[in-house]
Enquirer: 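Can you keep this structure in mind? I'll have questions shortly.
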Amino acid sequence: EISLGLVGSEMCIRDRVGRVSMRQARLALHAHDYLEAVENAVSGMPKDAQIEWEYAGSVERSGALTQVMIGVLGLTEKQADDLFIEAAGL
């Protein structure tokens with residue numbers, strides 16, 4: 001888990017790291033053994049979600065698919081923020 005030691009709101013972090021590339025997202029998910037769970041969840045979703053996961057160039061922290069995956073993985077908002085911060089550094 002990454003701790004930035006920053007003082008400020010969660011929204012400030014989301015503003016700074018609101019989007020990462022799909023490569024960054026997948027590498028971060030893989031590093032935490034989440035990638036397979038996400039891929040399995042996406043495979044059971046409607047085709048538009050599958051297309052988004054497969055072909056999107058980036059992942060938005062506030063995106064609908066991201067919010068679903070946070071729930072699937074059982075992450076807190078802080079854990080999701082930390083994952084995006086980590087991904088942004090890859």
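Any value given below was found using the heavy atoms of this structure, including those in side chains, with hydrogens, waters and symmetry copies removed.
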Enquirer: Specify the closest pair of heavy atoms between Ala37 and Leu73, including all atoms of both residues, with the distance to one decimal.
Expert: CB-CD2, 3.9 Å
Enquirer: Please report the shortest heavy-atom distance between Val20 and Ala87, naming the atom on each side.
Expert: CG1-CB, 4.1 Å
Enquirer: For Val68 and Met45: C-alpha separation, side-chain torsions, deciding distance, then whether side chain to side chain contact (heavy atoms under 4.5 Å, CB included) applies.
Expert: CA-CA 10 Å; Val68 170; Met45 292 182 164; 3.2 Å; yes
Enquirer: What is the distance from atom CG of Leu27 to atom CD of Gln24, rounded to the nearest 0.5 Å?
Expert: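 The distance works out to 8.0 Å.
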Enquirer: How far apart are the closest heavy atoms of Arg26 and Trp53, and which atoms are they?
Expert: NH2-O, 3.0 Å
Enquirer: Minimum heavy-atom separation for Val42 and Ala49, please, with both atom names.
Expert: CG1-O, 4.2 Å
Enquirer: Passes side chain to side chain contact (heavy atoms under 4.5 Å, CB included), Glu86 versus His32? Steps please.
Expert: CA-CA 11 Å; Glu86 181 179 335; His32 292 275; 2.7 Å; yes
Enquirer: Between the side chain of Thr66 and the main-chain N/O of Glu60, is any donor-acceptor distance below 3.5 Å?
Expert: yes
Enquirer: Rounded to the nearest 0.5 Å, what separates atom OH in Tyr34 from atom CG in Leu75?
Expert: 4.5 Å
Enquirer: Just how far is it from atom OG of Ser58 to atom CZ of Arg23, taken to the nearest 0.5 Å?
Expert: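 Nearest 0.5 Å value for the OG-CZ distance: 13.0 Å.
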Enquirer: Give me the atom names and distance for the closest heavy-atom approach of Met69 to Ala41.
Expert: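 Closest approach of Met69 to Ala41, heavy atoms only: CE-CB, 4.0 Å.
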Enquirer: If we only count heavy atoms from C-beta on, is the Arg61 to Gln67 side-chain gap below 4.5 Å?
Expert: yes
Enquirer: Check step by step if side chain to side chain contact (heavy atoms under 4.5 Å, CB included) holds for Glu54 and Glu39.
Expert: CA-CA 10 Å; Glu54 185 67 27; Glu39 289 175 341; over 6 Å; no
Enquirer: Could you tell me if His30 and Glu36 have a donor-acceptor pair between their side chains, going purely by distance under 3.5 Å?
Expert: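 Glu36 vs His30: no donor-acceptor pair found between side chains.
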Enquirer: Can you check side chain to side chain contact (heavy atoms under 4.5 Å, CB included) on Ile51 and Lys47, steps first, answer last?
Expert: CA-CA 6 Å; Ile51 291 169; Lys47 191 66 172 177; 4.0 Å; yes
Enquirer: What pair of heavy atoms forms the shortest contact from Ala28 to Leu90, and how long is it?
Expert: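 That would be N-CD1, 3.7 Å.
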